[in-house]
Each structure stands twice: as structure tokens, then as C-alpha cells.
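What follows is one structure encoded as C-alpha cells, with my remarks underneath.
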Amino acid sequence: MALSQDDVRHVATLARLALDDAETARFGRQLSRILDYIQTLNELDTSQIEPTAHVVPMANVWRDDEVEPSPGREAVLGNAPDRTDEFFRVPKIIAEGG
Amino acid sequence: MSKESGMGKPTGQALHELTLHEMHDGITRRAFSAAEVMRAIYDRIAAVEPKVRAYVTLTRERAEAAAARADRERQAGATLPPLAGLPIAIKDNLCTKGVATTCASKILTGFVPPYNATVVDRLERLGMAMVGKTNMDEFAMGSSTENSSVTVTKNPWDTTRIPGGSSGGSAAAVAAGCAAAALGSDTGGSIRQPAALCGLVGLKPTYGRVSRYGLIAFASSLDQIGPLTKDVTDSALLLQAIAGLDRRDSTSASVDVPDYRAALRQPVAGLRLGVPKEYFVEGMDPEVEQAVREAIRVYEKMGLTVKEISLPHTRYAVATYYLVATAEASSNLARYDGVKYGYRTARASTLAELYARSRAEGFGPEVKRRIMLGTYALSAGYYNAYYQKAQQVRTLLRRDFDAAFADVDVIVTPTTPTPAFRIGEKADDPLQMYLSDIFTISVNLAGIPALSMPCGLTRAGLPVGLQLLGKPFDESTLLRTAYAYEQETEWHKKRAVVK
């Protein structure tokens with residue numbers, strides 16, 4: 001299962017990873033090899049097998065909707081790499097005139 | 001291989017070599033104080049930590065305050081929990097209020113959690129003293145602790161070798177005497193494998209037994225927190241302290257927590273031990289196989305019934321794991337975007353660039369590789385072929401264990417195919433590194449509990465681990481089976497000589 005450079009670039013875009021050309025080439029090789037190994041799963045006929053998403057049988061967990069104190073704004077904003085007053089600060093999302 | 005090999009010395013009087021329960025006994029007899037134990041631990045850290053590099057953060061003031069508080073309260077006549085004032089190391093993926101928590105990743109540089117993980121809260125409420133935060137493979141992705149962005153941790157038994165991973169810092173800290181015990185996390189073997197390679201007892205509880213609240217997520221359906229300790233009694237003590245339902249983790253199980261220490265003394269004769277033939281394969285180190293076979297003979301002599309069993313889908317576990325775990329990781333790690341906490345790139349003029357560059361600069365190569373693999377497995381057109389297929393094989397792996405446990409009470413295997421390998425030996429070959437987890441991974445996919453304990457030393461003086469696998473929520477049987485072996489052998493008394 002060989003991944004092309006375009007495949008790798010597409011996945012990197014989905015994963016929001018800005019890879020350089022060397023990384024793209026290296027991941028292409030390494031992921032192809034790992035995917036080859038993963039093909040061994042195709043030896044198994046699983047057409048009649050239910051998938052397992054979670055090992056513990058579990059239904060919804062409910063609790064009373066009670067108001068409790070929150071950690072407070074400073075506790076949350078204190079780790080921000082950039083902020084303005086009580087806001088997280090990020091670059092422009094919409095281009096000028098956009 | 002023999003007990004008289006001269007490698008490792010038995011527990012002497014040095015305070016840093018004692019187990020938690022030995023420390024507690026000494027403090028209760030007033031042979032020494034918790035403050036003296038803490039001083040011995042930090043003296044030991046000063047002496048060997050430059051060679052071992054188990055920690056990423058030390059919290060000496062906080063630890064000494066907790067030890068002093070325990071001494072003060074005992075002086076005043078209070079009867080304290082057995083863990084009060086005792087030194088524990090915490091893996092750096094467990095949130096600690098006011099203390100940096102980074103998963104050994106650049107992307108969490110400077111992150112100081114505003115809250116404690118539930119397990120940390122529980123230990124602190126019992127008066128335990130956190131010595132520091134331990135090194136790990138970045139985001140717990142790895143088997144050698146070489147994937148840390150901070151430093152490479154060395155195996156205290158041989159500092160040219162890896163301590164295992166991803167909880168390699170936790171294992172190395174305890175094995176080197178730089179903490180009495182530690183907490184780690186186990187997604188595919190990350191407690192048991194380093195425990196095996198560092199000569200410790202490492203327990204991965206049943207999925208849901210211990211709250212994951214405040215454990216920074218890698219693969220949410222596989223992650224579980226557990227103790228790394230010098231013996232089985234300490235493992236029982238720590239499991240007792242951290243187990244149980246937590247309303248902050250909706251996947252924590254509403255299952256009664258038994259008295260684990262009392263369970264240790266229950267008789268084991270008559271228990272049925274299963275030996276899966278798929279775990280004794282070509283390529284296994286002969287000294288590892290010999291030590292494990294010898295341990296099985298010890299069990300036979302104690303009156304346990306030993307029978308060969310089959311777990312037929314074992315050879316598919318690694319492939320299944322590297323789809324399930326990476327898919328979950330690619331989703332869990334989407335939250336690191338350079339906006340709310342942690343590392344942010346200096347080179348971004350748009351929000352999209354901010355995300356992509358912060359992540360590219362903040363994550364190390366193994367984390368990126370797994371995010372890529374997981375994203376690919378979940379992407380349009382491949383979901384059925386990869387992710388769903390892996391979930392179906394996961395069902396087959398679970399059924400293997402269900403069928404086996406109809407006939408046996410405990411399954412026994414080697415924890416790893418080889419003893420600790422050399423630093424750098426597998427660093428450039430991700431697939432070879434993944435295959436080193438071959439004996440530990442099925443357990444996480446099936447959600448069952450498992451424990452690794454020391455069962456020998458190779459001629460080169462490297463520890464060998466024996467793995468015991470149990471039925472869901474039956475940690476009691478695992479612990480008492482392990483304890484019975486410990487009573488017959490001396491391996492748990494061996495201590496690393498750091499050179």
C-alpha cells in the first residue's frame with residue numbers, strides 16, 4: 001500500500017499539520033510500510049462481526065443539573081499564549097474586504 | 001541466570017530503597033520520620049538523577065511540606081492512612097494543579113493545569129507527597145521514552161539502555177530509588193513494559209476501574225492509569241487509593257472496590273493458570289523464555305493447575321491497535337491548536353496557518369506520524385477498510401479472552417519479547433518499535449487487567465518481566481497470584497546499582 005506524496009499532503013491538510021517536503025517524503029515511506037503491515041487484518045473475514053468501540057457495556061450516565069462554582073476566568077485564560085483582556089487573541093480569520 | 005549472579009543487591013537499610021509499606025512500618029515504629037525519608041529521596045535524586053534523568057519537574061517544597069505535615073499530625077497522636085507523607089512520582093500526563101504538566105511535549109510548554117487529575121486528588125487527600133513529574137514518550141506514544149521532547153531517560157540497571165515506555169520516567173524513578181512508587185498510564189503496555197524492563201511491579205487495571213479525569217487523553221477507549229511499585233503489596237495499596245467510580249469520568253465503572261491488601265493473603269492453590277501458545281514464539285529472547293518458564297514451574301509447585309490455551313487472534317493485535325489508538329489520538333490531539341494554552345508559532349498571519357504551524361512545530365515526529373496514520377484511517381473512503389475493520393478484529397480479540405477465561409482464572413505470559421534494548425537501537429524504525437509491544441497490546445484492546453512483575457535477571461543483569469492477565473474487574477485474583485509468587489522468590493528484592 002504505497003502512499004503518494006499527494007496522499008500525504010492531503011492527510012496533512014486534514015490533520016492541520018504544516019509538513020515540509022522532507023517530512024512529507026519520510027512519512028510517505030514510513031506510513032506505506034505500516035499500512036502494508038496492517039493489511040494482515042484482511043486475512044480475517046469480519047463481515048459478520050460486530051465492531052467494538054468500547055469494552056465496557058455502558059449506557060448514558062446521568063446526574064442532577066446542579067449549579068456548581070466554575071474555576072473562574074483567570075484560571076482558564078491564564079494559560080493563553082496571547083490574549084486581550086478576557087479574550088483569546090488570534091490572527092485575523094477573515095481577510096480584508098473578504 | 002541465577003539468584004546468586006551478584007547483579008542487584010537485596011534491600012538494605014537505605015531509606016530510598018524501601019517499599020511504601022516498609023516506609024510506613026518504619027515511621028509507625030518511629031525508626032525514622034517521613035521527613036527523613038523525603039530527605040533520603042532527594043539526596044538520592046541529587047546523586048543519580050544526572051545519570052538517569054527520570055524527572056521533567058521536581059516539586060521538592062510541596063513534597064517536603066506534605067511529609068512534614070504527616071509527621072506533625074502523627075506527633076499529635078493522629079492515626080494516618082498508610083500512604084501519608086510517602087514519596088510518589090507522577091507521570092507528566094496527569095494534571096497537577098499549579099505544577100507544569102506537559103506530556104513531555106513542546107506543544108504543552110508552560111501549561112499549568114488549574115485542577116488536579118482525580119488520582120492526584122485522591123493521593124493528596126491521603127497525604128501522599130509528590131516528588132515530581134516524570135519523563136515519558138511525548139503524549140505517551142512510544143515504548144522507550146526516547147520520544148520525549150525534554151530528555152532521554154536511562155534504564156537504572158544499565159544506563160546505555162532504554163527504561164521502556166511510555167511511562168519510562170516513572171519506572172526509572174522507582175527503580176533508581178528516586179521515588180518509592182509512581183503512577184503511570186497504560187494505553188498499549190506503557191506501565192507493564194517499563195515495569196518489566198526496570199524490574200518493578202506494574203499494574204494496568206481494568207478499563208473503567210480508575211478514573212481518567214485529568215489524564216491527558218491519548219486513546220480514550222484504551223487509556224488507564226495504574227501504579228509502578230517495588231512489590232505487589234505496594235501495588236495493592238496504591239490501587240486501593242485510586243480505584244473507584246468518579247462522577248467526573250463517565251467511563252469510570254460503578255463496580256465495588258474490594259480490599260486488595262486483604263485479598264493478597266487468600267490461598268492460590270487450585271487456581272487455573274493458562275499459558276497461551278501464541279506468546280511463546282520464535283524471535284523471543286531465550287533468557288526471557290527461560291525465566292518465564294521457570295516462573296510457571298514455581299506456580300505448578302505451589303499447586304496451581306497449568307494448562308496450555310490458545311488466543312488465536314494474537315498476531316493481529318499490533319495492527320488493530322495501531323489503527324484504533326491512532327484514530328482516537330488524531331481526534332484527541334485536535335485540541336492542540338495554539339489558541340488556548342501551550343505552544344504557539346511565531347510565524348502565522350492567518351488562523352489556518354496558526355493551527356498548522358503551531359502543530360507542526362509543537363509535535364514531535366512520532367506524534368505527527370500517529371496523527372497522520374489515524375487521520376488517514378478515519379478519512380473518507382478508508383474508514384471501512386481500516387478503522388471499522390480494526391474495531392471488528394477488536395471484537396475477535398475480546399472473544400479470545402472471553403473463551404480463555406471460561407477455562408482459566410489467570411493467563412501468564414512474558415511481558416516483553418526481549419529485555420531492555422539499547423538507546424537508539426529502534427529509534428529509526430517505527431514498525432520494529434511497535435512490534436516490541438506485541439505481548440501487552442491485546443490487554444488494552446480487550447479492556448482486561450494485567451500486571452507485570454519481576455521474574456529474573458539475564459546474564460547481563462537486565463530484569464525480565466512476567467505478565468499476569470485477569471478477568472475484568474478481578475484485580476484481586478491478579479494481585480494475590482502475583483503475591484504468592486513473590487513469597488516464593490527473591491526477584492522483587494533486587495535493586496538496580498546505578499552506574
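Letters A, B, ... are given to chains in the order of the sequence lines, protein chains preceding strands, and every chain is numbered from 1.
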With a 4.5 angstrom heavy-atom cut-off, is it the side chain or the backbone of B:Leu373 that approaches chain A, or both, or neither?
both

Residue list, ring pair (Phe, Tyr, Trp, His ring centres under 6.0 Å) with A:Tyr37, at least two apart or on another chain:
none

Among the listed options B:Ala360, B:Gly110, B:Gly208, the residue most often paired with chain A at heavy-atom distances under 4.5 Å:
B:Ala360

Under 4.5 Å from any heavy atom of chain A - which part of B:Leu378
neither

Which one, A:Leu31, A:Val11, A:Val8, A:Val76, leads in non-hydrogen pairs under 4.5 Å with chain B?
A:Val11

Whether A:Asn79 side chain and B:Gly342 backbone form a donor-acceptor pair below 3.5 Å
no

Relative to chain A, which segment of B:Arg399 carries a heavy atom at a distance below 4.5 Å: side chain, backbone, both, or neither?
side chain

Engaged part of A:Glu23 at the chain B interface, taking heavy atoms whose separation is under 4.5 Å:
side chain

Where on B:Arg357 is there a heavy atom nearer than 4.5 Å to chain A: the side chain, the backbone, both, or neither?
both

Contact summary for A:Pro51 and B:Thr395, nearest pair of heavy atoms
C-OG1, 3.5 Å

Heavy-atom check, side chain of B:Arg398 versus side chain of A:Thr52, under 4.5 Å
yes

Please round to the nearest 0.5 Å and tell me the distance separating atom NE2 of A:His10 and atom OG1 of B:Thr375.
10.0 Å

Under 4.5 Å to a heavy atom of chain B? For A:Val55 that would be both

I need the minimum non-hydrogen distance between B:Lys340 and A:Pro81, along with the two atoms involved.
C-CD, 3.8 Å

Enumerate by number any residue of residues 325-334 of chain B whose heavy atoms lie under 4.5 Å from heavy atoms of chain A; in the absence of such residues, state 'none'.
none

Contact winner vs chain A - B:Tyr355, B:Tyr343, B:Tyr386, B:Tyr434, heavy-atom pairs under 4.5 Å
B:Tyr386

Min side-chain heavy-atom separation B:Arg315-A:Glu43 under 4.5 Å:
yes

Part of A:Leu3 within contact of chain B (heavy atom distance under 4.5 Å)
side chain

Give the member of A:Thr13, A:Asn60, A:Asp20, A:Ile34 that has the highest number of heavy-atom pairs under 4.5 Å with chain B.
A:Ile34

Are there residues of residues 246-257 of chain B that reach to under 4.5 Å of chain A by heavy atoms, and which ones?
B:Arg247, B:Ser250, B:Thr251

Return the CZ to CD distance between A:Arg33 and B:Gln432, rounded to the nearest 0.5 Å.
6.5 Å

At a 4.5 Å cut-off on heavy atoms, which part of B:Asp429 comes close to chain A: side chain, backbone, both, or neither?
side chain

Could you tell me if the side chain of A:Val90 sits less than 4.5 Å from the side chain of B:Arg344, heavy atoms only?
yes

Would you sort out whether B:Asp337 and A:Arg16 count as a side chain to side chain contact (heavy atoms under 4.5 Å, CB included), showing the intermediate values?
CA-CA 9 Å; B:Asp337 58 6; A:Arg16 296 285 185 273; over 6 Å; no

Note: vs chain A, highest number of non-hydrogen pairs under 4.5 angstrom among B:Gln388, B:Arg369, B:Arg394, B:His313 is B:Arg369

Matching residue for B:Val393 among A:Ile49, A:Thr46, A:Thr40 - test: side chain to side chain contact (heavy atoms under 4.5 Å, CB included)
A:Thr46

Let's test your reading of the structure: which of B:Thr109, B:Thr206, B:Leu323 forms the most heavy-atom pairs below 4.5 Å with chain A?
B:Leu323

Answer with side chain, backbone, both or neither: which region of A:Arg89 has an atom nearer than 4.5 Å to a non-hydrogen atom of chain B?
backbone

Checking heavy atoms, do the side chain of A:Asp7, its backbone, both or neither come under 4.5 Å from chain B?
neither

Considering only heavy atoms, which portion of B:Ala446 lies under 4.5 Å from any heavy atom of chain A: side chain, backbone, both, or neither?
backbone

State which residues pass side-chain contact (heavy atoms from CB on, under 4.5 Å) with A:Ala75; sequence neighbours excluded, sorted by chain then number.
A:Pro71, B:Pro114

Looking at OH of B:Tyr316 and CG of A:Leu44, how far apart are the two atoms once the value is rounded to the nearest 0.5 Å?
4.5 Å

Honestly, the part of A:Leu41 sitting under 4.5 Å from a heavy atom of chain B is both

CD/A:Glu50: more than 12 non-hydrogen atoms of other groups inside 6.0 Å:
no

